[in-house]
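Computed from a prediction, not measured in an experiment: that's the story for all the values here. Throughout, protein chains are lettered first and strands after them, A, B, ... in sequence-line order, and every chain is numbered starting at 1.
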Amino acid sequence: MLKVSIYRYNPEIDSEPHMKDYQVDTGGKDLMVLDVLSLIKEQDPTLSYRRSCREGVCGSDGMNINGKNGLACVTAISDVVKGNKPLVVRPLPGLPVIRDLVVDLTLFYQQYEKIKPYLINDTPAPAIERLQSPEERDKLDGLYECILCACCSTACPSFWWNPDKFVGPSGLLQAYRFLIDSRDTATSERLADLNDPFSLFRCRGIMNCVDVCPKGLNPTKAIGHIRKMLLQQGV
Amino acid sequence: MTNIRTVTYDAVIVGGGGAGMRAALQLAQSGQKTALISKVFPTRSHTVSAQGGITCAIASDDPNDDWRWHMYDTVKGSDYIGDQDAIEYMCNVGPEAVYELDHMGMPFSRTEEGRIYQRPFGGQSKNFGEGGQAARTCAAADRTGHALLHTLYQQNLMHNTVFFNEWYAVELVKNQDNAICGVIACSIETGEFVFFKSKATVMATGGSGRIYSSTTNALINTGDGVGMALRAGFPVQDIEMWQFHPTGIAGAGVLVTEGCRGEGGYLVNKDGERFMERYAPNAKDLAGRDVVARSMMMEILDGRGCGPDGDHVYLKLDHLGADVLHKRLPGICELSITFAQADPVKEPVPVVPTCHYMMGGIPTNINGQALSVDADGNDKVIDGLFAVGEVACVSVHGANRLGGNSLLDLVVFGRAAGIYIEKALKDGIEHRDVSASDMESAETRLNRWEVSKSGEDIPTLRKDLQMTMQNHFGVFRKGDLMQEGVAKLADIRERIANGHLTDKSSAYNTARIEALELDNLLEVAEATAIAAEARTESRGAHSRYDYPDRDDENWLVHSIYDPTTKKLGKRDVNFSPKQVDTFQPKIRTY
């Protein structure tokens with residue numbers, strides 16, 4: 001039997017959130033945390049959480065698992081629970097909770113939208129694809145794979161403090177993904193949009209984002225590259 | 001219900017996957033008042049899980065490649081019940097639609113020439129099957145669906161599409177003239193129900209793989225569009241045709257792409273034998289998916305499966321080397337380590353055929369207009385209703401879809417429907433009249449769950465349904481076993497009608513959504529079961545022990561399942577492409 005403790009809050013019933021304990025029969029298997037939640041939902045259908053692909057590519061089930069943000073579907077119990085300790089599941093920190101493990105991601109998405117997350121190229125498109133060398137394309141690796149799960153931004157103290165003004169690691173990773181794309185022509189416009197005290201420069205290099213990213217991406221490094229581009233442009 | 005809020009749009013698209021977002025983009029660019037309703041934030045849609053690529057004759061790998069060769073492969077792959085006018089359109093327009101994706105910023109992998117990288121996939125040939133294996137699948141590493149879906153979402157942001165994210169469409173609203181006037185949807189966050197009144201309602205709700213207990217499909221793939229269409233009394237086509245993907249990770253069901261075999265991987269049995277050489281001497285591991293899946297099952301059933309229970313085979317990849325695997329198949333390495341505890345660089349991946357794709361769906365024409373069939377067997381356009389992507393059956397996949405053709409289907413027909421609706425709106429169509437009684441069917445369905453006081457719980461009912469489909473309608477099928485399955489489903493229908501929704505709260509109540517999804521799973525499962533039992537032949541993915549041969553005399557046709565009679569009819573396949581000669585049915589070997 002696995003001991004599980006889950007953050008519960010239903011705005012229609014609860015005056016405040018509380019932790020609720022469950023016992024789950026895992027059948028001795030090293031299940032994923034999402035499987036454990038699914039077994040609990042069979043006992044208690046009132047538990048709400050987001051899930052879709054169950055294989056770590058859609059980014060629905062970011063949550064705080066034994067103190068660390070991650071995706072429930074690709075986090076095995078053995079990754080986070082040692083000995084007889086309980087599995088403790090809470091919503092992603094720093095954002096309003098809608099219910100149980102479901103947070104309101106509006107601020108997170110707004111920061112994503114702020115960086116103009118789409119290719120801008122005003123030159124007429126050719127009859128075929130825009131050519132791009134393998135070396136140019138390689139620069140997008142480690143950037144385009146972001147799944148918008150919000151694990152990184154909601155692990156970032158700077159984002160907790162200024163979620164309305166600091167773009168956050170996820171949005172900045174995407175900003176760099178378009179800055180470095182050889183097909184994009186809006187470099188100076190993009191850099192100008194980030195050149196204020198908050199959007200980019202609230203990053204303090206804490207690197208929680210790197211620590212939690214379930215896809216192994218490195219937003220801090222991307223942010224460093226953007227800083228360098230801004231500096232070079234200033235000179 | 002009769003006094004719910006109404007919001008009015010020119011077009012409403014239900015579903016935020018590749019097809020829905022491509023259609024929405026077309027309409028947003030043209031300035032139509034468009035809303036897209038999605039039950040998940042759009043980038044969580046199942047398109048995101050597509051791995052290997054989008055098949056299209058862009059002539060990057062082979063400068064002489066020709067869309068007609070792609071058409072030939074697709075017609076053959078469909079086992080000749082794909083509509084040749086639709087396949088012609090898809091293969092011909094495909095390159096334009098793929099170049100558009102690049103112009104939108106999609107991060108395709110590249111060749112040394114800077115063009116889009118293409119890899120070999122199953123069922124591909126050059127020169128109408130005479131020129132050997134082709135490499136026609138355009139790829140962004142093994143994350144092509146992710147790259148495509150995010151790019152389409154980004155473009156929709158750029159063009160200010162109105163999104164209703166985490167809204168769940170419950171029921172089509174049909175008026176007395178049998179025309180669709182819009183859809184009723186529920187905000188998952190608040191529980192509010194709203195009538196989305198629309199001149200054009202586009203179903204882009206994706207597949208229904210969750211009718212099976214083992215599937216590569218996301219948990220959200222519950223056949224909502226098919227369920228809504230069937231309850232509205234409209235037919236579905238070729239719904240017995242379910243693709244079992246050869247390489248789902250054994251136990252987990254998670255997909256590993258056919259691109260693994262495209263890059264040079266191959267399947268082995270417990271003796272280490274590359275058994276596909278016996279079943280498909282020419283194409284070997286890159287034969288059609290139905291052929292490979294059946295061959296694997298034969299190996300397993302004949303006692304040559306791997307593992308302690310002999311219930312899977314191995315996909316061998318280690319000979320490709322770490323460099324190729326990490327460059328071309330990075331996502332697969334990640335999935336295999338997570339879900340099979342096997343690093344493909346060092347050891348083989350345990351795989352088994354797993355439910356993957358619904359070839360059937362709502363019949364449509366090339367413009368995405370949904371069709372029904374009148375008493376004389378003639379096609380009749382359903383006013384106001386469109387369908388695109390996996391929920392639609394246009395039909396380009398027939399009895400077996402080729403790998404990489406799904407993403408192409410999404411963008412080509414999402415775009416085509418968008419173009420058609422844009423023109424229709426400009427030519428001027430009006431909102432159709434709706435009366436209070438037209439809303440009643442939706443009301444009935446919702447109230448049923450809301451007033452339930454006791455009964456079986458939803459997870460139990462869902463599991464029984466999924467096990468029934470798994471055990472009675474799998475890779476190999478048999479008449480008596482299917483009849484048993486049909487009877488079990490009738491029983492499950494009764495039990496679901498008496499099922500119990502315990503949680504009646506409003507805010508983010510996922511139990512309610514799961515109850516409504518269960519209604520849809522049931523509709524799809526029942527249609528599948530009845531159609532499968534009635535199609536007395538083997539063709540493509542539909543393979544029967546009791547009717548082992550293809551029967552062109554009686555079954556070179558689409559099946560049409562009518563929910564009002566629960567009977568299976570037939571509809572002609574289109575054999576009249578516009579620019580090329582008809583591809584005549586031949587014996588299908590690889």
Side-chain angles (χ1 to χ4, degrees), chain A residues 10-13 32 38 41-42 45-60 74 76 98-100 102 104-105 109 112-113 116-121 125-134 136-138 140-141 143-148 174 177-178 181 183-184 215-216, chain B residues 40-41 43-46 48-49 58 60 95 98-100 102-105 107-117 140-141 143 145-147 150-151 153-155 157-158 166 189 218-220 252 254-255 331 334-335 338-339 457-460 501-503 505-511 514:
Chain A
N10 181 340
E12 292 165 63
I13 299 164
M32 297 295 175
S38 165
K41 195 165 172 66
E42 289 179 16
T46 65
L47 174 65
S48 283
Y49 53 92
R50 294 187 176 102
R51 82 288 182 274
S52 173
C53 76
R54 62 80 170 92
E55 58 188 26
V57 296
C58 80
S60 294
V74 291
I98 296 172
R99 172 172 173 170
D100 299 338
V102 178
D104 183 348
L105 289 162
Y109 293 137
Y112 175 66
E113 288 172 30
K116 301 196 176 99
Y118 36 79
L119 194 88
I120 299 173
N121 188 327
I128 59 167
E129 67 270 47
R130 292 184 196 275
L131 300 183
Q132 184 175 51
S133 72
E136 287 167 336
R137 170 59 183 76
D138 282 350
L140 306 183
D141 283 342
L143 306 172
Y144 83 95
E145 300 93 325
C146 173
I147 57 174
L148 299 177
Q174 291 314 296
R177 176 249 174 275
F178 288 101
D181 193 319
R183 299 168 296 175
D184 191 274
K215 305 310 285 183
Chain B
V40 291
F41 182 79
T43 63
R44 327 281 185 217
S45 306
H46 188 53
V48 82
S49 294
I58 60 162
S60 163
V98 169
Y99 294 142
E100 283 171 0
D102 166 74
H103 300 156
M104 293 175 196
F108 283 109
S109 300
R110 298 288 165 164
T111 66
E112 284 305 319
E113 292 73 40
R115 295 208 59 194
I116 293 171
Y117 169 73
R143 303 187 181 101
H146 171 279
H150 280 254
T151 301
Y153 180 63
Q154 292 161 353
Q155 288 295 304
L157 285 180
M158 187 179 184
E166 301 192 336
E189 185 177 334
L219 292 153
I220 58 172
V254 171
L255 174 73
E334 206 179 302
L335 287 172
T338 307
F339 289 100
D457 63 85
I458 291 149
T460 304
L501 172 66
T502 48
D503 183 1
S505 63
S506 302
Y508 222 100
N509 181 348
T510 52
E514 288 183 19

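Considering every non-hydrogen atom in both Ser52(A) and Ile220(B), the closest pair reads OG-CD1, 3.3 Å. Residues Gln154(B) and Tyr118(A) share a closest heavy-atom pair of O-CD2, 3.6 Å.
The candidate with the highest count of non-hydrogen atom pairs below 4.5 Å against chain B, out of Ile98(A), Ile128(A), Val57(A), Val74(A), is Ile128(A). For chain B, the option among Arg51(A), Lys41(A), Arg99(A) with the highest count of heavy-atom pairs below 4.5 Å is Arg99(A). Residue with the most contacts toward chain B among Ala127(A), Gly216(A), Ser48(A): Ser48(A) (heavy-atom pairs, distance under 4.5 Å). Options Cys53(A), Ala125(A), Gly59(A) differ in how many heavy-atom pairs under 4.5 Å they form with chain B, and the most are formed by Gly59(A). Between chain B and the options Arg137(A), Lys116(A), Glu136(A), Met32(A), heavy-atom pairs under 4.5 Å are most frequent for Arg137(A). Among Glu113(A), Lys215(A), Arg50(A), the residue with the largest count of heavy-atom pairs under 4.5 Å with chain B is Arg50(A). Of all the listed residues (Ser60(B), Ala147(B), Ser506(B), Pro459(B)), the one sharing the greatest number of non-hydrogen pairs under 4.5 Å with chain A is Ser506(B).
Partners of Asp181(A) under the side-chain hydrogen bond (donor to acceptor under 3.5 Å, both in side chains) rule, at least two apart in sequence or in another chain, are Gln132(A), Arg177(A), Arg183(A). Listed by chain and number, the residues in a side-chain hydrogen bond (donor to acceptor under 3.5 Å, both in side chains) with His46(B) amount to none (sequence neighbours excluded).
For Arg143(B) and Asp141(A), the salt-bridge test fails: no basic side-chain N is under 4.0 Å from an acidic carboxylate O.
The contact between Tyr508(B) and chain A is made by backbone and side chain atoms together, counting heavy-atom distances below 4.5 Å. Interface remark: Glu514(B) contributes side-chain atoms only to the contact with chain A (heavy atom separation under 4.5 Å). Both the backbone and the side chain of Leu148(A) come within contact range of chain B, each with at least one heavy atom under 4.5 Å from a heavy atom of that chain.
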Cys58(A) and Ile147(A): CA distance, side-chain angles, deciding distance, side-chain contact (heavy atoms from CB on, under 4.5 Å) verdict: CA-CA 6 Å; Cys58(A) 80; Ile147(A) 57 174; over 6 Å; no

